[in-house]
Amino acid sequence: MANNRLEYLYGNRRYVIAGAVLVLLFIFVIRLFFLQIISDDYKKWADSNAFQRRTLYPSRGVISDRNGKLLVYNQPSYDVMVIMREITRLDTVDFCNTVGITKEFFDNRMATIKNPNLTPGYNSYIPQVFMSQLSAVEYGILQEKFYKYSGFYIRNRALREYGCSNAANVLGNVGEVTRKDIENDDYYVPGDNSGRSGVERRYENILRGEKGVEILLRDVHGRIKGKYEDGRYDMAPVSGKNITLSIDMELQAYGEMIMRNKPGAIVMIEPSTGEVLCLVTSPSYDPSLLIGRQRSSNYLMLERDPQRPLFDRSIMGSYSPGSTFKPAQGLVFLQEGVITKDKTYTCEQGYPYLGGHPKCHSHYSPISFIPSLATSCNAYYCWGLRDMLDNRSRYGSIQEAFEVWKNHIVAQGYGYALGIDLPGERRGYIPNSNAYDRTRNKRWNSSSIISIAIGQGEINATPLQICNLAATIANRGFYIVPHVVSKIQDMEQDEVYRTRKYTGIDREYYGYVVEGMRAAVTSGTCQRMYLPDIDVCGKTGTVQNPHGRDHSACIAFAPMNNPKVAIVVYAENGGWGATVSVPVARLMLEKYFYGDIPPGDKWLEYQMQNWSTSPGSVNYIKKAEEEDNETDGEQENEHVEIG
């Protein structure tokens, strides 16, 4: 019986061996399939021994202003690259001394590169950035000793250079890509740069161009022997496209100079095209601070600055528009039949349903629509809003009336981002009836929200939106979405920046508003904006500020017929609208139309250039306001007290 069992085992031995061989063969096939089809590690290893693929970076597109002045261009820069697999017997101390770094920096940088959580897509066969943006001098020193440092080589790059120290918020800056950038776009690898703000970011895909590649053949010792098959498989980089801005850099620089020490913004738009002529935010900074190896430390310095120079007030600042909002209100009232141009309201006692608030300044009463704009009568617009919201013969409820009002205001460019071709634009805020129902438990009426009649209360807008209103009035009822890029090399401009947007308000009513704004310059609150040979139309705004001194604002466009430019000036803590904003607007208009400031206004230029709205200058502002009151007698008081 024992013999039978042995015979059985020996008889089936060949099946056991055959099965084991088949299992091993199957494992071997699966492993080969994984190595050759699924994983490319061995391919990379083999290729890295025979070839070196060098990425050729394209020249980034340059940026010019509307007059052809070169604003942003490229200069040579050099990155130190490392392939971990190729490092052999490196004299670390000598290398650190050559490139000017510490041993600690070297160790930390190498650890970061090898950490896949910090370096997405890390592979020891693939070149990684060790140091970036070496200058030509640093590159020259390193090049002499490069033969000693196996695994390291130089990659030629281009570094942005600025032809001016202005318009940092418009131009933007370029910085190293983040992990999220790499995950979202396979164009980028660690160490690449991309636009981080402004035009550089908004038009990144157009400016960056297309990368090329150069395949080099190496011998068994890793030495470069030339191009693989004479460069047959090389691909040349494609340069990025050049961009022309609508910005007039002389106008931009002048605006930044005149707004120094006055937090706020200036926006100027060409009404017929929507092109932005200047987009000033104050304070600003020199864009060259954010290039080179000092970029990170300089950015941190700017970020910590309490004056917030990185915050673009022109498109991000959300302010009460104050009396600059009255033209928009008047257009709604006219369109809805609430008033006619001859409709009069009394304002001797202010608005009586709020105990006489808001008060009005000196002018005759009762007053009709056109002079109400010229004198910036507060009560006129409070009465108008009340008559609209309380009209039950036309609207079924206050909510219905308010929605009609809100839709007209939104159609004039408020409440939503306009769509300027820059990142970060804020939308401002125009409430709807649901917001009041929710926050006031449906217990609200025209008098309880009357502050919105004069552009305060819940109303908020960006300086860009306020300027867009001036451009819309200049066009008598339409605007083109404001934009800072006027031309892209070999490309057509986006249709949205060529399309007229109509407000739905009759052109006739814009004529009345234009007449009122012209009267504001000839005999009303904007008299300091008067130019003898140009028919300027304007509107002031003095905006109550719960956090300090009132904000100073104004809008204008010129000439009255066939307008060439619209402008807003908004100066935080500037006091009366006519104190700071109107003189600044006058100077900007003179710079635009004349190219320089006339000799008779050099004193005003000097005054505004040295004017400060910092707390230390409050007495000076107060004294100037008292002088203005004595001289003109046409200042505004928009303060509203709501119980």
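- Here the side chain of Ser282 pairs no donor or acceptor atom with the backbone of Gly264 at under 3.5 angstrom.
- Considering only heavy atoms from C-beta on, Trp611 comes within 4.5 Å of Val580 through its side chain.
- Using a 4.5 Å cut-off on side-chain heavy atoms (C-beta onward), Gln465 and Leu418 make contact.
- Among Val481, Val199, Val485, Val276, the single residue meeting the side-chain contact (heavy atoms from CB on, under 4.5 Å) criterion with Asp421 is Val485.
- Looking only at side-chain heavy atoms (C-beta outward), Leu589 and Ile534 stay at 4.5 Å or farther from each other.
- Here Arg60 pairs with Glu204 in a salt bridge; the nearest charged N to carboxylate O distance falls below 4.0 Å.
- Cation-pi geometry between Arg308 and Phe311 is met: under 6.0 angstrom from the ring centre, within 45 degrees of the axis.
- Counting heavy atoms from C-beta outward, Tyr153 and Pro127 have side chains that approach closer than 4.5 Å.
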**Message:** As a quick check of understanding, evaluate side-chain contact (heavy atoms from CB on, under 4.5 Å) for Asn74 and Leu159, giving each step before the final call.
**Reply:** CA-CA 5 Å; Asn74 304 303; Leu159 190 66; over 6 Å; no
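- Side chain to side chain, Ser59 and Ser239 fail the donor-acceptor criterion of an N or O pair below 3.5 Å.
- With rounding to the nearest 0.5 angstrom, the CG atom of Leu310 is 12.5 Å from the CZ atom of Arg304.
- The CD atom of Glu214 sits 12.5 Å away from the CE atom of Met235 when rounded to the nearest 0.5 Å.
- Within 6.0 Å of CZ in Arg201 there are 12 or fewer heavy atoms belonging to other residues, nucleotides or ligands.
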**Message:** Please evaluate residues Val565 and Leu277 with respect to the criterion side-chain contact (heavy atoms from CB on, under 4.5 Å), reporting the C-alpha separation (whole Å), side-chain torsions for both, the decisive distance (0.1 Å), and the verdict.
**Reply:** CA-CA 8 Å; Val565 63; Leu277 302 172; 3.8 Å; yes
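- The backbone N or O of Ile258 lies less than 3.5 Å from a partner atom in the side chain of Lys262, making a donor-acceptor pair.
- Proximity of Cys278 to Ile266: side-chain heavy atoms (C-beta onward) are separated by under 4.5 Å at one or more points.
- Ring pair His551/Tyr319 is perpendicular by interplanar angle, where above 60° counts as perpendicular and below 30° as parallel.
- For the atom pair OG (Ser314) and CG (Leu464), the distance works out to 7.0 Å, reported to the nearest 0.5 Å.
- Here CG of Asn169 is found 4.0 Å from CG of Asp312. Values are rounded to the nearest 0.5 Å.
- For the 3.5 Å distance criterion, the side chains of Asn166 and Glu256 qualify, holding a donor opposite an acceptor.
- With salt bridges taken as basic N to acidic carboxylate O contacts below 4.0 Å, one links Arg66 and Glu275.
- In this model, a donor atom of one side chain and an acceptor atom of the other lie less than 3.5 Å apart for Asp181 and Thr178.
- A 6.0 Å sphere centred on NZ of Lys487 holds no more than 12 heavy atoms belonging to other residues, nucleotides or ligands.
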**Asked** Is there a side-chain contact (heavy atoms from CB on, under 4.5 Å) between Glu176 and Tyr188 once you walk through the steps?
**Response** CA-CA 10 Å; Glu176 189 168 341; Tyr188 301 114; over 6 Å; no
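- Here Lys69 does not pair with Glu250 in a salt bridge; the nearest charged N to carboxylate O distance is not below 4.0 Å.
- Between the side chains of Asn156 and Tyr139, no donor N or O sits under 3.5 Å from an acceptor N or O.
- When the shell of 6.0 Å around NZ of Lys501 is examined, it contains 12 or fewer heavy atoms from other residues, nucleotides or ligands.
- Asn173 CG to Ile291 CD1: the interatomic distance, rounded to the nearest 0.5 Å, is 10.0 Å.
- Of the listed residues (Arg179, Lys180, Arg208), just one forms a salt bridge (charged side-chain N to carboxylate O under 4.0 Å, His left out) with Asp185, and that residue is Arg208.
- Using a 4.0 Å cut-off between a side-chain N of Lys or Arg and a carboxylate O of Asp or Glu, Arg476 and Asp506 do not qualify as a salt bridge.
- Here the side chains of Met529 and Cys537 are not in contact, with every heavy-atom distance at 4.5 Å or above.
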**Step-by-step side-chain contact (heavy atoms from CB on, under 4.5 Å) determination, Arg155 to Tyr57** = CA-CA 9 Å; Arg155 177 177 69 181; Tyr57 282 84; 2.8 Å; yes
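- Side-chain N/O atoms of Thr503 and Tyr510 include a donor and acceptor closer than 3.5 Å.
- In the displayed structure, Tyr416 atom OH is contacted under 6.0 Å by at most 12 heavy atoms of other residues, nucleotides or ligands.
- With ring centers used as reference points, Tyr414 lies 6.0 Å or more from Tyr429.
- A salt bridge is absent between Arg196 and Glu200; no separation between the charged side-chain nitrogens and carboxylate oxygens falls under 4.0 Å.
- The shortest side-chain heavy-atom distance between Met249 and Ile247 falls under the 4.5 Å cut-off.
- Between the OG atom of Ser246 and the CD atom of Gln493 there is a distance of 9.0 Å, given to the nearest 0.5 Å.
- Between Lys211 and Asp192 there is a salt bridge, with a side-chain nitrogen of the basic residue lying less than 4.0 Å from a carboxylate oxygen of the acidic one.
- Here the side chains of Ile459 and Ser320 are not in contact, with every heavy-atom distance at 4.5 Å or above.
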